[in-house]
Participant: 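The structure is given below, and queries will be raised subsequently.
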Amino acid sequence: MVRVGLIGFGLAGQAFHAPVIRGVEGMELACILERHGSRAREKYPEVRVARTLEELLADKEIRLCVVATTNASHAPLALACLEAGRDVVVDKPFAPTLGECEDVVRLARQRGRLLTVYHNRRFDGDFRTVRKIVESGEVGEVAEYEARFDRFRLEAKEGAWRERAEEPGAGVLFDLGPHLIDQALVLFGEPRAITASAFCQREVSQVDDAFDVCLEYPRRRAMLRGRIVAYAPGPHFVVHGTRGSFVKYGMDPQEERLRGEKVPPGKDWGPDWGEEPENLWGTLSRVGEPSRRVKTQRGDYRDFYANVRDAVEKGAALEVTPEQALRTMRALLLARKSSRERRTVGWEEAVE
């Protein structure tokens, strides 16, 4: 049994970590660090609630610490947990600077501890479907790939740290960009250059609320977009290749359910978890063949933590390695640099 201490009980902790950890066989959510308020105790009365990191770490039986706090606190908390001899999961984005990320990876190696970053969107059903189509060669050699998050919210969220200009790592590029960038790097590897623009669509925004990121390869472009003013969303995924195209509308259903009122309370999430309705399946169009719908694979964020469990207990290979997490952060920071300097930046350039 892997006993887990969850640090932070905001949106990430409540929706994307606590219920997922509790949904995995062989894992126990043993403690939640919530510095203020009573949401953790109300939601999980059987779980110990700590007010300080020292109080959480005092339980020597906690093997894994999950950092799900503000971006600026990721690295300091991860370092403290590693110093205390714990394995660590860090929510995305890893940390606001590449230097901080490298410090955390270095200490994990020195102490022989497990370290990974929560890139849960690898476990979206639609991305799993796209990945299978790309890797199987069904559309041939990919020439153009586009992935986007379209949302519609005209007002700022009151008190939201992600929307405050003074907060390191604030803005939509740092919030949603890691998901799309990580997925593209999984599919295509490191690009030779990046061109990006992070901008504001709403008058009320203090930080970027939209972005375009182009990963440039010799004969391929990966276009990654995020929008806050998109009432009628465009396709979530578009893949054009030498043998055909794949187009997919609609988002993976897991986030909506995890953020809603009917969050699975334990390990039984039902037979339909991660299943997408047929009307949202993507369309595959191949040269010389009729277009056909492709059933979306089942998504399941629990698979991330099941892999972490197996890595802790059995030495299994991590799905998201520290090296991959550093690569995603390099791409994210290069995108920010490209946007600030209004130019294309090479992959080997300094990020800061």
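None of these values were measured; they are calculated from a predicted model. Index from 1, following the sequence.
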Participant: Would you say Arg225's side chain and Ala147's backbone share a donor-acceptor pair under 3.5 angstrom?
Facilitator: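 Absent.
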Participant: Are Asp59 and Arg3 within salt-bridge range, i.e. N to O under 4.0 Å?
Facilitator: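 Judged by the 4.0 Å cut-off on N to carboxylate O distance, Asp59 and Arg3 do form a salt bridge.
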Participant: Any idea which heavy atoms bring Ile7 and Cys65 closest together, and the distance?
Facilitator: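 It is CD1-CB, 4.3 Å.
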Participant: Does the Glu100 side chain pair with the main chain of Thr97, one donor and one acceptor, at a distance under 3.5 Å?
Facilitator: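 Present.
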Participant: Hey, is CD on Glu289 packed in by over 12 heavy atoms from elsewhere, all under 6.0 Å?
Facilitator: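 Yes, enclosed.
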Participant: For the side chain to side chain contact (heavy atoms under 4.5 Å, CB included) test, which of Leu332, Val117, Asn71 pairs with Phe94?
Facilitator: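 The side chain to side chain contact (heavy atoms under 4.5 Å, CB included) with Phe94 is passed solely by Val117 among Leu332, Val117, Asn71.
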Participant: Taking all heavy atoms of Trp281 and all of Val294, pick out the closest pair and write down the distance.
Facilitator: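 Residues Trp281 and Val294, closest heavy atoms: CB-O, 3.2 Å.
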Participant: Using 30° and 60° as the class limits, which term best fits the ring planes of Phe237 and Phe127: parallel, tilted or perpendicular?
Facilitator: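 Aromatic pair Phe237/Phe127 classed tilted.
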Participant: Are Arg121 and Gln254 close enough that a side-chain donor and a side-chain acceptor fall under 3.5 Å?
Facilitator: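 Side-chain D/A pair, Arg121 to Gln254: absent.
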Participant: So which atom in Ala15 and which in Arg259 form the shortest heavy-atom distance, rounded to 0.1 Å?
Facilitator: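 So the two residues come closest at CB-CG, 3.9 Å.
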Participant: Do Val312 and Val20 land in one hydrophobic cluster if side-chain heavy atoms of ILVMFWY residues count as linked below 4.5 Å?
Facilitator: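 The answer is yes; both residues are in one hydrophobic cluster.
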Participant: Take atom CD of Glu323 as the centre, draw a 6.0 Å sphere, and report whether it contains more than 12 heavy atoms from other residues, nucleotides or ligands.
Facilitator: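 Atom CD in Glu323 is crowded, with more than 12 foreign heavy atoms closer than 6.0 Å.
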Participant: With a 6.0 Å cut-off (strictly less than), is the heavy-atom count around CG of Asp272, excluding the residue itself, greater than 12?
Facilitator: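 Enclosed.
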Participant: Does the pair Glu278/Arg293 count as a salt bridge with the N-to-O cut at 4.0 Å?
Facilitator: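 No.
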Participant: Mark yes or no for whether Thr242, through its side chain, and Glu141, through its backbone, hold a donor-acceptor pair below 3.5 Å.
Facilitator: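 Checking the backbone N and O of Glu141 against the side chain of Thr242, a donor-acceptor pair under 3.5 Å is found.
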Participant: Can you find a pair of side-chain heavy atoms, one from Val24 and one from Arg309, that are under 4.5 Å apart?
Facilitator: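 Touching, per the 4.5 Å side-chain cut-off.
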Participant: Does the side chain of Asp91 come under 3.5 Å of the side chain of His17 through a donor N or O and an acceptor N or O?
Facilitator: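 Checked: Asp91/His17 side chains pair up, N/O donor to acceptor below 3.5 Å.
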Participant: Taking it one step at a time, do Ser205 and Arg202 satisfy side chain to side chain donor-acceptor pair (under 3.5 Å)?
Facilitator: CA-CA 6 Å; Ser205 294; Arg202 306 172 303 180; 3.0 Å; yes
Participant: Listed by chain and number, what are the salt bridge (Lys or Arg N to Asp or Glu O under 4.0 Å) partners of Glu61, not counting sequence neighbours?
Facilitator: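 So Glu61 forms no salt bridge (Lys or Arg N to Asp or Glu O under 4.0 Å) with any residue.
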Participant: Salt bridge check, Arg111 against Asp87: does any charged N sit closer than 4.0 Å to a carboxylate O?
Facilitator: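 Here Asp87 does not pair with Arg111 in a salt bridge, since their nearest N and O are not under 4.0 Å apart.
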Participant: Strictly below 4.0 Å, N to O, side chains only: are Arg343 and Glu349 in salt-bridge contact?
Facilitator: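 Glu349 and Arg343: salt-bridged.
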Participant: Consider only side-chain heavy atoms of I, L, V, M, F, W and Y, link residues closer than 4.5 Å, and tell whether Met27 and Leu258 are in one cluster.
Facilitator: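 Hydrophobic grouping puts Met27 with Leu258.
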Participant: Between His236 and Arg148, is there a donor-acceptor pair closer than 3.5 Å when you use the side chain of the first and the backbone of the second?
Facilitator: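 Confirmed, His236 side chain pairs with Arg148 backbone.
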Participant: Mark yes or no for whether Lys295, through its side chain, and Gly282, through its backbone, hold a donor-acceptor pair below 3.5 Å.
Facilitator: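 No: the side chain of Lys295 does not pair with the backbone of Gly282.
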Participant: Under the 3.5 angstrom rule, does the side chain of Arg86 hit a backbone N or O of Leu57 as a donor-acceptor pair?
Facilitator: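 Answer holds: yes.
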Participant: Does a side-chain heavy-atom distance below 4.5 Å link Lys248 with Pro235?
Facilitator: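 The answer is no, as the side chains (C-beta and beyond) never meet within the 4.5 Å cut-off.
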Participant: Got Tyr231 and Val229 here, is their nearest side-chain heavy-atom distance under 4.5 Å?
Facilitator: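 Result no, sub-4.5 Å side-chain heavy-atom pair not found.
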Participant: From Ile181 CD1 over to Leu215 CG, what is the distance, rounded to the nearest 0.5 angstrom?
Facilitator: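 Separation between the atoms: 6.5 Å.
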Participant: Between Asp209 (side chain) and Ile228 (backbone), is there a donor-acceptor pair under 3.5 Å?
Facilitator: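 Side chain of Asp209 to backbone of Ile228: no pair is present.
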Participant: If you measure from OG on Ser338 to CG on Leu333, what distance do you get to the nearest 0.5 Å?
Facilitator: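 Reported to 0.5 Å precision, the distance equals 12.5 Å.
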Participant: Does the distance from a Lys or Arg side-chain N to an Asp or Glu carboxylate O, for Lys132 and Glu138, drop under 4.0 Å?
Facilitator: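 Salt bridge flag = no for Glu138 with Lys132.
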Participant: Just by distance, with hydrogens left out, do Glu216 and Thr195 show a side-chain donor and acceptor under 3.5 Å apart?
Facilitator: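 Side chains of Glu216 and Thr195: pair found under 3.5 Å.
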Participant: Under 4.0 Å between a side-chain nitrogen and a carboxylate oxygen: does that hold for Arg151 and Glu255?
Facilitator: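 Salt bridge present between Arg151 and Glu255.
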Participant: I want to check something: taking the side chain as every heavy atom from C-beta on, are Thr129 and Phe246 in contact at a cut-off of under 4.5 Å?
Facilitator: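 Yes, their side chains come closer than 4.5 Å.
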Participant: Ion pair present between Glu190 and Arg330, side-chain N to carboxylate O less than 4.0 angstrom?
Facilitator: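 No.
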Participant: Shared ILVMFWY cluster between Ile194 and Leu185, side chains joined below 4.5 angstrom?
Facilitator: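 Looking at the clustering, Leu185 is in the same group as Ile194.
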Participant: How far apart are the C-alpha atoms of Lys337 and Val351, what are their side-chain angles, what is the distance that settles it, and do they pass the side-chain contact (heavy atoms from CB on, under 4.5 Å) test?
Facilitator: CA-CA 7 Å; Lys337 180 177 183 178; Val351 299; 5.7 Å; no
Participant: Under a 3.5 Å cutoff, is there a donor and acceptor pairing between the side chains of Arg336 and Ser339?
Facilitator: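 Arg336 vs Ser339: no donor-acceptor pair found between side chains.
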Participant: Does this structure show an ion pair linking Glu275 with Arg298, if we count only N-O contacts that are shorter than 4.0 Å?
Facilitator: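 Yes, charged N to carboxylate O under 4.0 Å.
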Participant: Between Lys267 (side chain only) and Arg22 (backbone N and O only), is there a donor and an acceptor less than 3.5 Å apart?
Facilitator: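 Looks like yes, one N/O pair under 3.5 Å.
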Participant: With no hydrogens and no angle check, do the side chains of Thr328 and Asp182 hold a donor and an acceptor under 3.5 Å apart?
Facilitator: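 Looking only at side-chain atoms, Asp182 and Thr328 do form a donor-acceptor pair, the distance falling under 3.5 Å.
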Participant: What about the rings of Tyr145 and Phe188, do their centers lie closer together than 6.0 Å?
Facilitator: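 Yes.
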Participant: Applying the 4.5 Å side-chain criterion to the ILVMFWY set and letting contacts propagate, would Leu53 and Val66 be lumped into a single cluster?
Facilitator: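 Leu53 and Val66: separate clusters.
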Participant: I'd like to know if Asp212 and Arg227 make a salt bridge, using a cut-off of under 4.0 Å between side-chain N and carboxylate O.
Facilitator: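 Arg227 and Asp212: salt-bridged.
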Participant: Check the surroundings of atom CD in Glu341: do more than 12 heavy atoms from other residues, nucleotides or ligands lie under 6.0 Å from it?
Facilitator: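 Enclosed.
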Participant: Is the cationic atom of Arg302 (NZ for Lys, CZ for Arg) positioned less than 6.0 Å from the six-membered ring centroid of Trp269 and within 45 degrees of its normal?
Facilitator: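 Yes, Arg302 and Trp269 form such a contact.
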Participant: Does Glu261 CD have over 12 foreign heavy atoms under 6.0 Å away?
Facilitator: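 No, the 6.0 Å shell around CD holds no more than 12 heavy atoms from other groups.
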Participant: Would you say the side-chain atoms of Arg162 pair up with the backbone N or O of Val172, donor to acceptor, closer than 3.5 Å?
Facilitator: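 Checked: no pair found.
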Participant: If you compare all heavy atoms of Val239 against all heavy atoms of Val134, which two are closest, and at what distance to 0.1 Å?
Facilitator: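 Residues Val239 and Val134, closest heavy atoms: CG1-CG2, 4.2 Å.
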Participant: Going by an N to O cut-off under 4.0 Å, is there a salt bridge joining Glu276 and Arg128?
Facilitator: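 Between Arg128 and Glu276 there is no salt bridge, as every charged N stays at least 4.0 Å from the carboxylate O atoms.
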Participant: Starting from Ile32, can I reach Val4 by hopping between I/L/V/M/F/W/Y residues whose side chains sit under 4.5 Å apart?
Facilitator: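 They do share one cluster, since a chain of ILVMFWY contacts under 4.5 Å joins Val4 to Ile32.
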Participant: Do Leu284 and Val139 have side chains that approach each other closer than 4.5 Å (heavy atoms only, starting at C-beta)?
Facilitator: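 The answer is yes, as the side chains (C-beta and beyond) meet within the 4.5 Å cut-off.
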Participant: Heavy-atom distance under 4.5 Å between the side chains of His240 and Glu146, does that happen here?
Facilitator: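 A side-chain contact under 4.5 Å is absent here.
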Participant: May I ask you to check whether Asp124 and Tyr301 show a side-chain donor-acceptor distance below 3.5 Å?
Facilitator: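 Distance-only check passes for Asp124 and Tyr301.
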Participant: Taking the side chain as every heavy atom from C-beta outward, state whether Leu115 and Val90 have any pair of such atoms under 4.5 Å apart.
Facilitator: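 Side-chain contact under 4.5 Å: yes.
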Participant: Is any side-chain heavy atom of Val263 closer than 4.5 Å to one of Pro265?
Facilitator: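 Side chain of Pro265 against side chain of Val263, heavy atoms only: no contact under 4.5 Å found.
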Participant: Identify the residue among Val89, Leu64, Val88 that makes a side chain to side chain contact (heavy atoms under 4.5 Å, CB included) with Cys81.
Facilitator: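 Only match with Cys81 under side chain to side chain contact (heavy atoms under 4.5 Å, CB included): Val88.
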Participant: Testing the basics here: between Leu114 and Leu318, what is the closest heavy-atom pair and its distance to 0.1 Å?
Facilitator: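 Between these two residues, the closest heavy atoms are CD1-CD2, 3.9 Å.
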Participant: Checking the side chain of Arg221 only, and the main-chain atoms of Glu144 only, is there a donor and an acceptor separated by less than 3.5 Å?
Facilitator: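 Checking the backbone N and O of Glu144 against the side chain of Arg221, no donor-acceptor pair under 3.5 Å is found.
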Participant: Would you say the ring centroid of Phe304 lies under 6.0 angstrom from that of Tyr118?
Facilitator: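 Yes, the ring of Phe304 comes within the 6.0 Å limit of the ring of Tyr118, centre to centre.
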Participant: Would you give the length of the straight line joining atom CG of Asn120 to atom CD of Glu319, rounded to the nearest 0.5 angstrom?
Facilitator: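 The CG atom of Asn120 sits 13.0 Å away from the CD atom of Glu319.
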